Peer 1: 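Here's a structure for you.
Every chain is numbered from 1, with letters handed out A, B, ... down the list of sequences. Please read all numbers here as calculations on a predicted model, not as lab measurements.
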Protein chains: 2
Amino acid sequence: MTRAVRAVRKKELPEPGLDLGVLPTLLGYHVRRAQVAIWRDFVRSVARGRIRPGLFSVLVLAEANPGIAQFELARQLAIDKASVVALIDKLERARLITRRRSTVDRRRHGLFVSPYGTRQLKLLMRDIARHEQRFRDRLTAPELQQLIKLLKRLYD
Amino acid sequence: MTRAVRAVRKKELPEPGLDLGVLPTLLGYHVRRAQVAIWRDFVRSVARGRIRPGLFSVLVLAEANPGIAQFELARQLAIDKASVVALIDKLERARLITRRRSTVDRRRHGLFVSPYGTRQLKLLMRDIARHEQRFRDRLTAPELQQLIKLLKRLYD
DNA sequence: TATTGTTATACTCTATAACTATA
DNA sequence: TATAGTTATAGAGTATAACAATA
């Protein structure tokens with residue numbers, strides 16, 4: 001490409017400094033970008049990408065609430081109960097969780113983290129801690145508290 | 001169900017007050033929940049769900065940067081150039097955007113918002129403003145500025 | 001009748017690889 | 001050789017509808 005053409009292109013086509021228009025004035029834009037940044041770091045650094053944030057949440061909730069029913073998980077994650085089935089299938093195939101039919105209400109399949117799952121969760125938490133730290137390092141302690149407080153305000 | 005059974009279930013199965021375990025200590029958890037809340041409100045309230053946040057971003061970027069190339073869009077949105085094609089296809093079918101081959105570099109398809117697209121974007125902005133306002137109402141002006149500043153810190 | 005879990009199906013958003021046309 | 005756009009294909013993640021088992 002000639003020098004003249006390069007000059008023309010500079011005029012005709014927008015280059016490095018892109019105009020973001022109205023986007024930076026929108027709260028949703030910034031929340032989205034922060035979420036994407038954190039999501040990618042999570043996938044890159046936790047369990048070699050084999051456990052995504054969704055599966056991790058399920059594992060934590062099942063560990064904290066032994067015997068939790070799938071529809072309760074669905075409600076907490078704000079997804080349909082049908083969508084939970086695939087998540088649990090995956091965790092069960094990985095031997096991290098077991099379904100046990102409730103003797104009290106036989107429609108329910110209580111979820112229990114296996115001993116192996118508990119051990120794996122402990123290992124996972126080490127990756128998570130490092131992942132978290134990378135973002136906390138960008139904030140002071142009061143800033144972190146303030147940020148969480150304001151985010152809660154958006155979804156509570 | 002008998003009264004006795006209800007009592008047993010209360011012991012055996014976790015109910016309303018779910019234990020969230022370690023989740024509330026994680027920054028990513030709160031960012032994710034805020035993002036989901038904003039996303040859902042966007043889909044519910046903007047263009048009757050026919051324009052999602054992704055398409056909206058593309059439209060705004062094309063309007064602010066007439067002739068922008070698809071690979072530049074891809075870089076800005078941090079997605080693959082192949083993924084941009086489907087987005088542009090959709091916007092072109094909706095007559096909001098046109099591809100025009102660059103005369104300078106014939107590999108590039110410059111993107112231009114159509115006059116109709118510009119009008120639609122203006123209408124869209126009214127929905128967006130109301131959507132934004134619903135979340136801004138939960139914060140004071142200084143809190144909003146602080147929140148944006150801290151979110152930027154996470155992805156910059 | 002209502003609830004819990006499941007299957008079947010489909011849609012959105014994204015990625016990778018291989019291709020074309022241009023540079 | 002490298003770049004811009006495209007196609008084909010696949011994999012998450014989600015939804016809806018219909019169903020079986022159970023309450």
Peer 1: From B:Leu73 CG over to B:Ile79 CD1, what is the distance, rounded to the nearest 0.5 angstrom?
Peer 2: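 Those atoms lie 7.5 Å apart.
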Peer 1: Figure out the CZ/P separation between A:Arg44 and C:dA15, and round it to whole Å.
Peer 2: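 Distance check: A:Arg44 CZ to C:dA15 P gives 13 Å.
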Peer 1: Taking atom OG1 of B:Thr118 and atom CG of B:Leu96, what is their separation to the nearest 0.5 Å?
Peer 2: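 It comes to 9.5 Å.
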Peer 1: Can A:Glu143 and B:Arg153 be counted as an ion pair, charged N to O under 4.0 angstrom?
Peer 2: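 Yes, charged N to carboxylate O under 4.0 Å.
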Peer 1: In whole Å, what is the span from the CZ atom of A:Arg100 to the P atom of C:dG5?
Peer 2: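 Computing the A:Arg100:CZ to C:dG5:P distance gives 15 Å.
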Peer 1: Strictly by modelled atom types, are B:Gln70 and B:Arg99 linked by a side-chain donor-acceptor pair under 3.5 Å?
Peer 2: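 A pair is found: one side chain offers a donor N or O, the other an acceptor, under 3.5 Å apart.
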Peer 1: Would you list the pairs meeting salt bridge (Lys or Arg N to Asp or Glu O under 4.0 Å) in which at least one residue belongs to residues 121-131 of chain A, sequence neighbours left out?
Peer 2: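 Only A:Asp127-A:Arg130 qualify under salt bridge (Lys or Arg N to Asp or Glu O under 4.0 Å).
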Peer 1: Under the side-chain hydrogen bond (donor to acceptor under 3.5 Å, both in side chains) rule, what pairs show up with a residue in residues 21-33 of chain A, not counting sequence neighbours?
Peer 2: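 Found A:Tyr29-A:Arg33, A:His30-B:Tyr155.
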Peer 1: Give the B/S/- string for nucleotides 6-14 of chain C, one per nucleotide from 5' to 3', where a protein heavy atom under 4.0 Å of the base yields B, of only the sugar-phosphate yields S, and otherwise -.
Peer 2: BB----SSS
Peer 1: Could you state the atom-to-atom distance from CD1 of A:Ile51 to P of D:dG11 in whole Å?
Peer 2: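 In whole Å, D:dG11 P lies 18 Å from A:Ile51 CD1.
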Peer 1: Under the salt bridge (Lys or Arg N to Asp or Glu O under 4.0 Å) rule, what pairs show up with a residue in residues 48-58 of chain A, not counting sequence neighbours?
Peer 2: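 The answer is none; no pair qualifies.
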Peer 1: Donor-acceptor pairs are to be reported for all side-chain atoms of residues 34-41 of chain B against protein atoms at under 3.5 Å, with residues two or more places apart or in another chain.
Peer 2:
from, atom 1, to, atom 2, distance (Å)
B:Arg40, NH1, A:Ala78, O, 3.1
B:Arg40, NH2, A:Ala78, O, 3.0
B:Asp41, OD1, B:Arg134, NE, 3.0
B:Asp41, OD2, B:Ser45, OG, 3.4
B:Asp41, OD2, B:His131, ND1, 2.7
B:Asp41, OD2, B:Arg134, NE, 3.2
B:Asp41, OD2, B:Arg134, NH2, 3.0

Peer 1: Test for a donor-acceptor pair under 3.5 Å between the base of C:dT4 and the side chain of A:Arg108, counting only N and O atoms.
Peer 2: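 Check fails, no donor-acceptor contact within cut-off.
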Peer 1: Applying a strict under-4.5 Å side-chain criterion to I, L, V, M, F, W and Y, I'd like to know whether A:Phe112 and A:Val58 cluster together.
Peer 2: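 A:Phe112 and A:Val58: separate clusters.
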Peer 1: Let me know the distance between CG of A:Leu73 and P of C:dG5, rounded to the nearest Å.
Peer 2: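 Answer to the nearest Å: 10 Å.
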Peer 1: Would you kindly give the CD-to-C1' distance between B:Gln35 and D:dT14, to the nearest whole Å?
Peer 2: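 My rounded result for the distance is 14 Å.
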Peer 1: Record whether the side chain of B:Arg107 comes under 3.5 Å of the base of D:dT3 through a donor-acceptor pair of N or O atoms.
Peer 2: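 Answer is yes: a donor-acceptor pair is held.
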Peer 1: Axis-to-axis angle across the helix from C:dT1-D:dA23 to C:dA23-D:dT1, five pairs an end, to 10 degrees?
Peer 2: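 Result, rounded to 10 degrees: 10°.
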Peer 1: Using atom CD of B:Glu72 as one end and atom C1' of D:dA4 as the other, report the distance to the nearest whole Å.
Peer 2: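 Those two atoms, CD and C1', are 11 Å apart.
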